[in-house]
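All remarks here apply to the structure that follows.
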Protein chains: 2
Amino acid sequence: MDPAKPSQELLRSLTDEHVLRALMRYRRLTRAELAAETGISKPTAGESVRRLVEAGLVVDTGQRTPGGRGRGRVGSYYSLAPDVGAALAVSIAPEGVVAESINAYGDLVARAEEPIGRPARPDDVTAALVRAVDQVRDLVEASQEAEFRASGIRPRVAVVSAADPVDRGTGRLLQLPDAPFLLGEIDPVGVLAGRVSGVVHVDNDVNWAAEAERAAMPVDDFAYVYLDEGLGCAIVSDGEVRRGRRGVAGEVAHLITVGPGGWAMPLIEVFGELGLRRRNSTAIDVDLLLEKRPAEVVVAVGGLIAALATLIDPEVVVVGGRWGTHLVEAIAGEVSRSPRPVRVRAAAVEFEPSLAGARADALHRLRELIVAR
Amino acid sequence: MDPAKPSQELLRSLTDEHVLRALMRYRRLTRAELAAETGISKPTAGESVRRLVEAGLVVDTGQRTPGGRGRGRVGSYYSLAPDVGAALAVSIAPEGVVAESINAYGDLVARAEEPIGRPARPDDVTAALVRAVDQVRDLVEASQEAEFRASGIRPRVAVVSAADPVDRGTGRLLQLPDAPFLLGEIDPVGVLAGRVSGVVHVDNDVNWAAEAERAAMPVDDFAYVYLDEGLGCAIVSDGEVRRGRRGVAGEVAHLITVGPGGWAMPLIEVFGELGLRRRNSTAIDVDLLLEKRPAEVVVAVGGLIAALATLIDPEVVVVGGRWGTHLVEAIAGEVSRSPRPVRVRAAAVEFEPSLAGARADALHRLRELIVAR
DNA sequence: CATTCTAGTCAGGGCTCTTGCCTAGAAAGG
DNA sequence: CCTTTCTAGGCAAGAGCCCTGACTAGAATG
């Protein structure tokens with residue numbers, strides 16, 4: 001049965017959920033403010049606060065409404081208890097690992113960055129991941145503010161962005177045949193399992209970048225094309241990132257497009273054909289590409305975007321990645337001359353887009369955990 | 001706010017919804033059976049029945065529990081009131097129009113078929129649509145069973161399948177440049193608006209066929225490739241048909257694939273190149289194609305499926321349509337030799353797949369209307 | 001020091017759900 | 001034919017949740 005079973009308990013839990021969400025949003029509220037904010041009556045809101053304090057989810061901050069509000073009785077501010085916990089957001093890229101601890105308000109509690117030497121070997125990447133996460137834990141532990149100390153040491157949930165295809169079922173990084181594979185066979189779930197009390201959720205960095213883009217703009221159907229050392233693509237349909245069966249939707253290296261001379265050819269081979277792949281690596285040589293800016297690359301990407309436009313009918317195609325952002329205008333021009341033109345523009349979220357998406361999801365998951373009990 | 005506001009009214013409506021859904025499923029139940037089935041207590045279930053009878057949504061059938069059940073007091077059977085209404089499911093294809101009236105149990109109440117002469121001109125199609133729908137209404141009206149008469153004359157919702165691209169916003173048929181366009185500029189919403197008391201929902205026939213396929217098998221991510229006079233493709237991701245911004249996701253005629261001689265070329269042009277398009281029409285000549293079975297067509301479809309596999313990562317690609325079903329094995333063989341093989345099989349729903357999908361959606365929408373009040 | 005004004009509580013009441021018991025009434029069995 | 005058995009449905013009591021409206025506590029204002 002889809003709809004929840006009707007019961008008084010359902011009502012009560014709904015009330016508590018409203019109160020908790022209001023506190024997540026406004027950080028601290030008096031009982032009266034809670035009632036006004038949630039639309040619940042004052043006695044009911046007060047009763048809910050009493051329950052939640054008893055359950056340890058909400059605390060009296062000790063703060064009182066300041067005189068500045070005018071006359072009247074002073075109110076007690078309540079907020080979420082420190083031990084509702086924190087979430088971990090991690091970005092793993094060839095340049096390095098970034099780990100952040102986020103509390104239920106969405107505040108950044110601690111952050112650590114660990115560079116990775118070139119070329120990135122799987123063991124180095126795993127080691128950097130461990131160092132970054134442990135450093136965040138230490139930072140939280142050393143924090144002066146007691147409220148953070150209790151909450152962040154062992155995150156309740158972790159969300160990881162990785163710059164390679166990720167298996168949707170296992171969370172492991174996946175080497176697809178002949179496609180750029182930047183990090184190697186990392187298993188973030190295994191590494192983090194002991195350091196997180198709950199779920200470790202891993203996904204591809206482009207999917208997270210698309211998630212950040214989605215949150216930043218009111219478009220329900222778009223594609224995010226990521227053009228950097230690796231090639232990536234994320235699909236947002238009906239307002240959600242669509243990952244496909246195994247989670248490798250948008251792994252476009254093998255998409256057949258127009259190659260040099262008009263031949264049909266997989267996208268990744270275009271770069272090989274033009275001598276734009278790094279020696280001893282499947283990665284694209286971005287510096288060389290930006291120096292030469294070959295028209296063939298623009299045409300090939302145009303073929304990719306035409307395929308996206310045809311198959312998923314996006315409102316707009318967002319282009320990101322180091323060389324993607326540089327060539328976005330040439331690509332848009334190429335697409336506008338195709339038989340099915342579609343709007344093309346550069347990504348709106350420019351700073352750490354993948355981490356931004358992972359962070360937003362980590363916050364969302366943490367809040368769900370708190371509300372669900 | 002996402003979660004519903006807690007209130008006593010919410011509980012009551014949830015109870016009523018449970019009762020209504022149980023009646024939709026089991027057709028007739030006594031109060032005691034309703035309580036057992038929904039898990040709600042007897043007095044509450046009884047009270048809900050009283051409310052729903054008063055609201056006119058439920059009626060005492062007059063039937064009583066037969067002695068066959070053993071001793072004990074006889075119970076009264078309740079079922080949905082006849083005037084909860086019916087839904088209309090319509091399929092518009094070049095061969096003709098089929099219209100069906102469906103009641104809230106999912107029973108076929110009436111059905112009419114109207115052929116269309118070749119070639120199908122827009123006016124003929126619209127006329128056939130009108131005739132079919134009116135004939136269904138007359139059949140319902142003439143029905144001996146009073147219960148159907150009251151319910152089906154003016155459907156509460158209509159779901160239409162059309163064998164051309166459909167604009168998601170307006171429900172109109174959409175001519176895409178140079179793609180096969182079989183029916184012409186029909187406006188089913190305009191035609192049916194006066195004949196239906198509620199919404200008229202139109203979508204492409206391949207999307208509906210995919211919907212029927214989805215209901216028939218436990219797969220959340222697949223693509224449905226439809227190969228007939230027109231070329232179509234539907235994408236099911238995370239358990240739902242994804243239509244894209246305008247609703248023309250999967251209009252694959254212009255997808256770039258491998259053409260004769262290895263040249264990159266839009267899929268539809270492959271058929272022109274091979275002389276497989278009908279004279280004075282954008283449609284594919286299916287008989288000729290099935291006679292010649294050119295290897296180039298299999299290769300071109302293989303390119304389409306490779307693009308689908310790459311971009312949306314389906315668990316399986318389902319092939320339907322007149323020549324698709326005949327060539328499915330050759331296509332599967334071609335795909336299995338590609339660098340990203342994916343399972344390919346023929347569609348499971350063979351009889352009127354589009355109508356089956358539209359019918360299921362019509363039923364779903366009708367039930368939602370009844371439950372929502 | 002009286003007034004004003006707000007946070008929080010209390011009292012009363014309505015509604016929904018549940019449990020447990022009772023009644024109606026037909027079939028089964030002697 | 002009468003008693004027993006057994007189930008559908010109703011009734012009564014009670015608990016829980018939410019709401020309205022009134023009241024109390026207590027600080028700032030003037």
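Model, not experiment: these values are computed from the prediction. Lettering follows sequence order; numbering is per chain, from 1.
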Base versus backbone protein contacts along nucleotides 18-24 of chain C [heavy-atom cut-off under 4.0 Å; B, S, -]: BB---BB

Measure from CZ on B:Arg12 to C1' on D:dG16 and round the result to the nearest Å. 17 Å

Within 45 degrees of the axis of the six-membered ring of B:Trp208 and under 6.0 Å from its centre: does B:Arg243 put its NZ or CZ there? yes

Interatomic distance, B:Arg50 CZ vs D:dC11 C1' [rounded to whole Å]: 15 Å

Short side-chain N/O contact from B:Thr30 to OP1 or OP2 of D:dG9, under 4.0 Å: yes

Write down the distance between NE2 (A:His18) and C1' (D:dC17), rounded to a whole number of angstrom. 15 Å

Within 6.0 angstrom of A:Glu9 CD, more than 12 heavy atoms from elsewhere: no

What is the distance from CZ of A:Arg31 to P of D:dA25, rounded to the nearest Å? 16 Å

In this structure, how many angstroms lie between the C1' atom of D:dC18 and the CG atom of A:Leu14, rounded? 13 Å

Salt-bridge criterion met for A:Asp60 and A:Arg31 (N-O under 4.0 Å): no

Presence of salt bridge, B:Asp238 and A:Arg168, under 4.0 angstrom: yes

In whole Å, what is the span from the CD atom of A:Glu47 to the P atom of C:dG8? 14 Å

Classify the side chain of B:Gln8 versus the base of C:dC15 as yes if they form a donor-acceptor pair under 3.5 Å and no if they do not. yes

d(B:Arg245 CZ, A:Phe222 CZ) to nearest 0.5 Å is 13.5 Å

Lys/Arg N to Asp/Glu carboxylate O, A:Arg12 vs A:Asp16, below 4.0 Å: no

Salt-bridged, B:Glu368 to B:Arg365, with N to O below 4.0 Å? no

Is there a side-chain contact between A:Thr15 and the phosphate of D:dC18, meaning an N or O under 4.0 Å from OP1 or OP2? yes

Whole-Å distance between D:dA25 C1' and A:Arg64 CZ? 14 Å

How would you label the contact of A:Gly46 with the nucleic acid (heavy atoms, under 4.0 Å): base, sugar-phosphate, or nothing? nothing

Between C1' of D:dC17 and CD of B:Glu9, the distance in whole Å: 15 Å

